[in-house]
Amino acid sequence: MDAVRVPAALPPRSKPKLLSEFVYEELRRLILSNHFAPGELLVEEKLATQWHVSRTPLRAAFARLEKDGLVYAYARSLCPTQGSAGAFV
């Protein structure tokens, strides 16, 4: 499995919302736009460092993404599921 290509920073938030919700929405958008290839590792520590957020909102976002079927757990990381752009699998 390849290392993840993480955007350097989160985009600015336009209105107040929970950080975990914001992180979830951004990760979901990136997954559905095929920024992350199916099977590509999403490493919690790397995302937290690059996006300057704690691991707690990432864990909450990862749990929601897994529940949505957009990622699956793999060796303490997550991977986007197989499928076509913008489709749930």
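Note: hydrogens, waters and symmetry copies are ignored here, and every other heavy atom, side chains too, is used.
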What is the distance from atom [atom1] of [X] to atom [atom2] of [Y], rounded to the nearest 0.5 Å?
{"X": "Leu41", "Y": "Phe36", "atom1": "CG", "atom2": "CZ", "answer": "11.5 Å"}
{"X": "Glu44", "Y": "Thr49", "atom1": "CD", "atom2": "OG1", "answer": "10.0 Å"}
{"X": "His35", "Y": "Glu26", "atom1": "NE2", "atom2": "CD", "answer": "9.0 Å"}
{"X": "His52", "Y": "Leu47", "atom1": "NE2", "atom2": "CG", "answer": "12.0 Å"}
{"X": "Leu27", "Y": "Asp68", "atom1": "CG", "atom2": "CG", "answer": "11.5 Å"}
{"X": "Leu70", "Y": "Leu30", "atom1": "CG", "atom2": "CG", "answer": "12.0 Å"}

Which atoms form the tightest heavy-atom contact between [X] and [Y], and what is the distance?
{"X": "Gly39", "Y": "Tyr72", "answer": "CA-OH, 4.0 Å"}
{"X": "Ala48", "Y": "Leu58", "answer": "N-CD1, 3.3 Å"}
{"X": "Leu19", "Y": "Pro57", "answer": "CD2-CG, 3.8 Å"}

Audit row: Phe62, Val71, side-chain contact (heavy atoms from CB on, under 4.5 Å) steps and yes/no
CA-CA 8 Å; Phe62 282 176; Val71 297; 5.6 Å; no

With side-chain contact (heavy atoms from CB on, under 4.5 Å) as the criterion, how do Leu42 and Leu65 come out once you've worked through the C-alpha distance, each side chain's angles and the decisive distance to 0.1 Å?
CA-CA 12 Å; Leu42 302 178; Leu65 291 166; 5.6 Å; no

Under the side-chain contact (heavy atoms from CB on, under 4.5 Å) rule, what do Glu21 and Arg64 come out as? Steps first, then yes or no, please.
CA-CA 10 Å; Glu21 178 72 16; Arg64 284 185 65 190; 2.5 Å; yes

Partners passing side-chain hydrogen bond (donor to acceptor under 3.5 Å, both in side chains) against Glu25 (at least two apart in sequence or in another chain)
Lys17

